[in-house]
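Heads up: the structure comes next, in structure tokens.
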Amino acid sequence: MIAVLKQSATPEQIAYLTRWLEGMGLEIHTYHGNNTTVLGLTGDTGSVDMELLGSLEFVDVVKRVSEPFKMANRKFHPNDTIVEIGNVKIGGGHFAVIAGPCSVESEEQIIDVATQVKAGGADILRGGAFKPRTSPYVFQGLKEDGIRLLLEAKKATSLPIITEIMNISTLDLFEDVDIIQVGARNMQNYDLLKELGKTGKCILLKRGFSNTLQELLMSTEYIMREGNENVILCERGIRTFESYTRNTLDLSAVPALHELSHLPVVVDPSHATGKARMVPPMAAAAAASGADGLMIEVHNNPSCALCDGAQSITPAQFAELNKRIQAVRKAIE
């Protein structure tokens, strides 16, 4: 349920109403916009007398929210959320490009790629330290050493870093990581999501390859309900009957998520297509669809990559792609 207050509502009236509703056992989430204040009510809202609430002189309208996700819902938070990571902003008209290798392989490799993607226009450095792989016989990542090397690359380039977490037990290792990524396989690992909600860190949540948008937003609720509103949604392709590409990139998810939620949405065309040659056109299409950012896999020697070399572009290709992306964004402004 939401209560939209009139512009004339005073801080004292808002505080009074909040105390009254909290006295009914409800959780109140207050959003102060440029022209209005919205109170989001969660809990057993069936006990709320909508007519009584709507009759208050400073209440404009009272509505029930039919969707099961509340805190991620645009009805609760009409304006776009802008997530800030250092000097980088994502959402609300701010666009960020995340680039780097699928896996951290060595100090020389990650610093070389980080330096080149920064020169090519990247805002954030990605690199996998813990790698969830389908086969137990392939490279699983450098783990703790991988995070250490990412931090060395951050020192060398000043780029914020993002890397994936797989297990609650490793959370302490992510203390200096700027953005914690939750991969598709962990999208519904609710215990992990709740713990991440207590950190206050920026969380990038990838859509599961067989999950609906509503399921993605319900997973987001587990993070936000613990008090962490620094969440970025990521579309990375879904599993369909088509086998030519690794996944099917659902670009309709971008405008759909923007309608449903106030959170920023980034697109990962690398995992979606699985083919390096398809990354540039799909990245441009994602920018044209209104995405708030992109996540691109870049490797300095894709043919020798220990993980997902087939979908990784070179630093030189990335620099050209970034120019194309910026041109697309300028064209649709």
Side-chain angles (χ1 to χ4, degrees), residues 95-106 108-129 131-135 138-141 146 150 153 159 161-164 181 183-185 204 206-207 209 234-240 242-251 253-254 266-289 291 293-329:
F95 188 89
V97 179
I98 304 167
C102 177
S103 297
V104 179
E105 300 170 5
S106 67
E108 180 182 8
Q109 172 246 15
I110 190 60
I111 291 181
D112 181 36
V113 175
T115 301
Q116 293 197 66
V117 295
K118 181 178 182 180
D123 303 292
I124 299 167
L125 174 66
R126 64 148 292 152
K131 295 302 302 178
R133 306 297 299 278
T134 302
S135 170
V138 296
F139 180 60
Q140 305 287 315
L150 272 173
L159 287 175
I161 58 173
I162 175 173
T163 193
E164 182 173 351
Q181 174 184 314
R185 292 171 176 84
L204 183 141
K206 284 196 167 189
R207 180 185 182 184
F209 38 73
C234 182
E235 166 58 41
R236 46 79 71 204
I238 54 175
R239 180 173 290 171
T240 67
E242 181 54 65
S243 59
Y244 185 70
T245 53
R246 182 173 180 176
N247 296 283
T248 298
L249 182 54
D250 180 12
L251 286 183
V254 177
V266 305
V267 173
D268 178 352
S270 302
H271 274 94
T273 63
K275 299 175 186 288
R277 67 181 181 276
M278 292 187 175
V279 171
M282 297 316 296
S289 74
L294 290 163
M295 177 177 277
I296 309 290
E297 289 197 2
V298 182
H299 197 286
N300 50 359
N301 190 357
S303 63
C304 295
L306 297 181
C307 179
D308 288 344
Q311 63 195 37
S312 300
I313 62 176
T314 66
Q317 291 171 326
F318 170 73
E320 287 302 311
L321 171 57
N322 202 27
K323 293 177 184 177
R324 183 176 179 183
I325 292 166
Q326 300 310 322
V328 169
R329 294 195 67 245

Just verifying a value: how many Å separate I98 CD1 and I161 CD1, rounded to the nearest 0.5 Å? 12.5 Å
Heavy-atom closest contact (G127 atom, T163 atom, distance): O-OG1, 2.6 Å
Salt bridge between R246 and D308, side-chain N to carboxylate O under 4.0 Å? yes
Side chains of M282 and L251 in contact at under 4.5 Å (non-hydrogen atoms): yes
In the structure I gave you, are the side-chain heavy atoms of I313 and P302 within less than 4.5 Å of one another anywhere? no
Taking atom SG of C102 and atom NE2 of H271, what is their separation to the nearest 0.5 Å? 5.0 Å
For the residue pair C307 and R133, establish whether any side-chain heavy-atom pair is separated by less than 4.5 Å. yes
Heavy-atom distance under 4.5 Å between the side chains of F95 and L294, does that happen here? yes
Rounded to the nearest 0.5 angstrom, the OG-CG distance for S270 and N247 is 11.5 Å
Write down the atom of G100, the atom of V113, and the distance for their closest heavy-atom approach. CA-CG1, 4.1 Å
Of the options R236, K206, R126, which is the one that meets D268 in a side-chain hydrogen bond (donor to acceptor under 3.5 Å, both in side chains)? K206
Are S303 and N301 linked by a side-chain donor-acceptor pair shorter than 3.5 Å? yes
Any chance you could measure E108, atom CD, to D112, atom CG, to the nearest 0.5 Å? 7.0 Å
With side-chain hydrogen bond (donor to acceptor under 3.5 Å, both in side chains) as the test, pick out the partner of Q311 among R277, E297, K275. E297
How long is the gap from NZ on K131 to CG on L306, to the nearest 0.5 Å? 11.5 Å
Shortest non-hydrogen separation from A114 to L125 and the atoms involved: CB-CD2, 3.6 Å
Here the pair of heavy atoms bringing I111 nearest to A153 is CG1-CA, 4.0 Å
Check whether more than 12 heavy atoms from other residues, nucleotides or ligands sit under 6.0 Å from atom CZ of R239, and answer yes or no. no
What is the minimum heavy-atom distance between V267 and P269, and which atoms define it? O-CD, 3.3 Å
Does any non-hydrogen side-chain atom of I162 lie less than 4.5 Å from one of M295? yes
Can you give me the closest heavy-atom contact between F139 and S103, atom names plus distance? CE2-CB, 3.7 Å
Q181 side chain near C234 side chain, heavy-atom distance below 4.5 Å: no
Would you mind telling me which of L204, I124, V97 makes a side-chain contact (heavy atoms from CB on, under 4.5 Å) with V266? L204
Do the side chains of Q116 and V298 get nearer than 4.5 Å, heavy atoms only? no
From CA spacing to verdict: side chain to side chain contact (heavy atoms under 4.5 Å, CB included), R324, N322: CA-CA 5 Å; R324 183 176 179 183; N322 202 27; over 6 Å; no
Can you tell me if CD on E242 sees more than 12 non-hydrogen neighbours from other groups inside 6.0 Å? yes
If I take atom OG1 from residue T273 and atom OH from residue Y244, how far apart are they, to the nearest 0.5 angstrom? 10.5 Å
Does the side chain of Q326 reach to within under 4.5 Å of the side chain of V328, using non-hydrogen atoms? no
Using modelled atom types and a 3.5 Å cut-off, is there a donor and acceptor pairing between side-chain atoms of E235 and backbone atoms of G237? yes
